[in-house]
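A quick write-up on the structure given underneath.
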Amino acid sequence: MTTPKDTHMSSYSPADLEPKWQQAWNEGDVFLAKRDESKPKYYVLEMFPYPSGRIHIGHVRNYTMGDVVARYKSSTGHNVLHPMGFDAFGMPAENAAMASGGHPKTWTYANIDTMVDQMKPLGLSIDWTRMFATCDPEYYGQQQAMFIDMLGKGLVYRKNAVVNWDPIDMTVLANEQVEDGRGWRSGALVERRELTQWFFKISDYSDDLLSSIDHLDNWPDKVKTMQKNWIGKSRGLQFSFSLIDGPANQDRVEVYTTRPDTLNGASFVGISADHPLAKSLAEENPEIAAFCEECRKGGTTAEEIEKAPKLGFDTGLKVRHPFDTAWELPVYIANFILMDYGTGAVFGCPAHDQRDFEFATKYDLPINAVFEPIEGEAQSGEAYVPMKTDKVRYTRGFSGEDIQTGDDAVNAAIDFCEANGVGTGVTKYRLRDWGLSRQRYWGCPIPVVHCETCGVVPEKKENLPIELPDDVSFDIPGNPLDRHPTWRNCACPTCGADALRETDTMDTFVDSSWYFARFTAPRATTPTIAEDADYWMNVDQYIGGIEHAILHLLYSRFFARAMNETGHLPDSAREPFNALFTQGMVTHAIYQNAERTDDHGRAIYHYPEEVEERDGETVVKATGEKIKVIPSAKMSKSKNNVVDPVEIIKQYGADTARWFVLSDSPPERDVEWTASGAEASAKHLTRVHRLAAELDAQPEQGQGDEDLIRAAHKAIVDVTLGIDSFGFNASIAKLYGFTNAIAKSKAGRDAKRFALKTLAQLMSPMTPHLAEEMWSLLGGEGLIVHAPWPEADEAMLVEAAVTMPIQINGKRRAEITVPKDMPKEDIEKLALKADVVVKALDGGQPKKLIVVPGRIVNVVI
RNA sequence: GCGGACGUGGUGGAAUGGUAGACACACCAGACUUAAAAUCUGUUGGGCGUAUGCCCGUGGGGGUUCGAGUCCCCCCGUCCGCACCA
């Protein structure tokens, strides 16, 4: 039904006004980033997506946050770079090719097209002219050039490393392709097998990457802590046990320990199944060989190895304790010792290490305490493992002092051992070199050639990019590059003889470790261009998921250093991300069919719209089958719990979707998706639009103009503070409050116009289309996207009076309103006169009176 | 197993160590309407009470403090990462 008012008032129609304003921005090239030395630059970047097929609501949340920052910074006078691209290499494309017979390239580019089409209606302030995908030869060719430069600088090398090997499919498996220790396609028990592979020497930078963390002031502490722990600097003792009657050429076992203070509690030596000594013994002794083979069963992940039941094999060999040559310790091969870390050998001190304790209990080895609690006794039945910073009483320690901290005792032990020639203090890092070889097709080819005479040589730069061949098939497992009839054949870049290309491709982490630098000059015929990199780097604000807290960010930090050393980035960009924000994930329940599985015995998942509540149970609408609800899980295409934002945009518009994903939840926290909020957001935006559209119907004169103007200035402060601190939900709460104030206000037209224009500006980073529309309705000049951010007038913020609660013994009993600047003594007097206080004191004196001006009064009785 | 976080009404959440539940959703009631929708107004943590009000309450247990959702210790639960998923 139409009211007379409606006839001269357009209603809120996102479907009309959103394309209209997007067109206006495009025609004005508003988001095109150009170098402009007259303005401070601001580079805001959201972690680029993998082109999985469709965008999901998590993407919308991520990009909207970045867009709020980009638009806000732009309106505060910055020259903003806000690009977008695709992390487009990787296994899902190959899996899709295996499943449906297409080509990874076709699949990937089709997905990119779809996702761009889905992203553009969101009205993001992105410079789309800079877009690229990492699978563009234009991009990965430059990556190959950098690989060659890094090879020249000694930052890349080859060594053996273990992979998951599927003995039936005869292929290397990724960790995610191993399910319960079995290959996902063949079902075969997976084995660990060694291959020669390429590595980046990230370990050269362990100390740099660690110590520089302290200067990352605008990174979340949790990410910094995780990176520090990952790099894992430790001070310890390296020494050797002399081996009694060992195999030829092996008379000692080198050991590294971070707890040399417990050396006198040693009761065995454990070595990895891949330790040279274990390998020698295995040659002679089939039983040992079988045990080592057993240890190699299972996947390569740390988690799997750590969780596996602890197994040991007594080699029968003994070593001598370094301090007492009569003291002999047995040597075990154990499945929980990694050859990659330290020396691949440890000594076990069961009294002070839980894992050693369990091992000693299982194999009946002695448990000798080295220290004990200062008071009381250590609990029996488990290892006594206090913090290294705690003081304990040493009973079999090294130094004179009986009571000291573990840290002091470790240092004393190292000093003692060095003085006695038993070993040396050594600083080690947990961080391992970055294995980048992948035995897969859909990745950046490693640009090296294997020549019979010249060995492994880099490809000539003029031959780059080494492009992937298109004529490949995925009907059988393994790397199609390996079995391609001609692609491998090439001329040796050094001698010109017939040679073979490397068929390994690069880890996709390599692709994402420098894309941020490439965005500064995305079409350059070198990896970067100095002027552009100098101007735009660093990324001022990086935004992405917490799941990338360690690997992606650490690899990118390494790459920035390597690019600096190969001349592709300036010194100032060695630490590439000035500020980091980690947004939470959008989660959604997973609906798993509880009654049946598919033909392969795998779980069946249902889409949210396929299920319903029936008599308090969740069931499949169509069949009535019972559903197991797995709450709050990360959205995953394979689990069918992905929420598609396209429908929401179609129904309510992009501004509603943007407003909704920003409201309610703090951005760093995970949010459980519920559809109910979208409608409420749409209603609110409709209301805001109506307020602006109805302005001309307001009387010119009114009441409370000043109150409304004050509210506007307060809103400017609150909303700006929220945006500056990534408190978008807080900003939105304040915007709700401000909108309510405008709606209720009886102020005159001019005051309302000011308030509404301020509201439009404050909303413009979040709901840019609606803001433009309001701006135009309210008679704003030009585009709101070009309007400077509003500034609050300090004079309008001062409040005359302040209300303070009065507590009695910490419980609120009354409140008083006093002038803002009233001295403490006067507040005290007033508080003591309050009825409840007089009653409670009953003529007596308070024990204590606490007055925090402007905050609280607490009377202690 | 190791490392990191998180836990507050029916729901999402707010709260520089200072009035717990801002703001919103949902629910309920009312106004408008022939009616419905939309819109507007009001109520809503639990318990007791006619009421001024009182008691309880931020996963559980302890502690520090005049005062703890916030700081410390222990426990429980959930989530993220663990080097070939991206």
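Reckoned from all heavy atoms, side chains included, excluding hydrogens, waters and symmetry mates. Naming convention: chains lettered A, B, ... in sequence-line order (proteins, then strands); numbering from 1 in each chain.
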Exercise. Between B:A24 and A:Asn740, is there an OP1 or OP2 to side-chain N/O distance shorter than 4.0 Å?
Worked result: yes
For this session: Show your working on side-chain contact (heavy atoms from CB on, under 4.5 Å) between A:Val510 and A:Thr134 and close with a plain yes or no.
Result: CA-CA 10 Å; A:Val510 181; A:Thr134 56; over 6 Å; no
For this session: Can you tell me the distance, in whole Å, between the CG atom of A:Leu173 and the P atom of B:A83?
Result: 15 Å
Exercise. Within the structure, does a side-chain N or O atom of A:Ser665 lie under 4.0 Å from either OP1 or OP2 of B:G13?
Worked result: yes
Problem set entry | Quiz item: A:Glu306 side-chain donor-acceptor pair to B:C2 base, under 3.5 Å | no
Problem set entry | Donor-acceptor pair, side chain of A:Tyr555 and main chain of A:Ser512, under 3.5 angstrom | no
Exercise. Should we say atom CG of A:Asp835 is surrounded by more than 12 heavy atoms from elsewhere, each under 6.0 Å from it?
Worked result: no
Exercise. Does A:Lys222 have a side-chain nitrogen or oxygen under 4.0 Å from the phosphate oxygens OP1 or OP2 of B:G4?
Worked result: no
Seminar exercise, completed: Partner of B:G45 under the Watson-Crick or G-U wobble criteria, both distances under 3.5 Å, comes out as B:C56
Exercise. Is the phosphate of B:C56, meaning OP1 or OP2, less than 4.0 Å from a side-chain N or O of A:Lys811?
Worked result: yes
Problem set entry | Base of B:U19 paired with side chain of A:Arg855 (donor-acceptor, under 3.5 Å) | no
Exercise. Given B:A86, is OP1 or OP2 found less than 4.0 Å from the side-chain N or O atoms of A:Arg438?
Worked result: no
Problem set entry | Phosphate OP1/OP2 of B:G7 contacted by A:Arg669 side-chain N/O (<4.0 Å) | yes
Exercise. So what does A:Val172 hit on the nucleic acid, given a heavy-atom distance under 4.0 Å: a base, only sugar-phosphate, or nothing?
Worked result: base
Problem set entry | Residues that A:Tyr384 engages under ring-ring contact (aromatic ring centres under 6.0 Å, His included), provided they are two or more places apart | A:Phe371
For this session: Just label B:G46 as syn or anti from its O4'-C1'-N9-C4 or O4'-C1'-N1-C2 angle, using within 90° of 0 for syn.
Result: anti
Problem set entry | Below 4.0 Å: OP1/OP2 of B:G4 and any side-chain N or O of A:Asn229 | yes
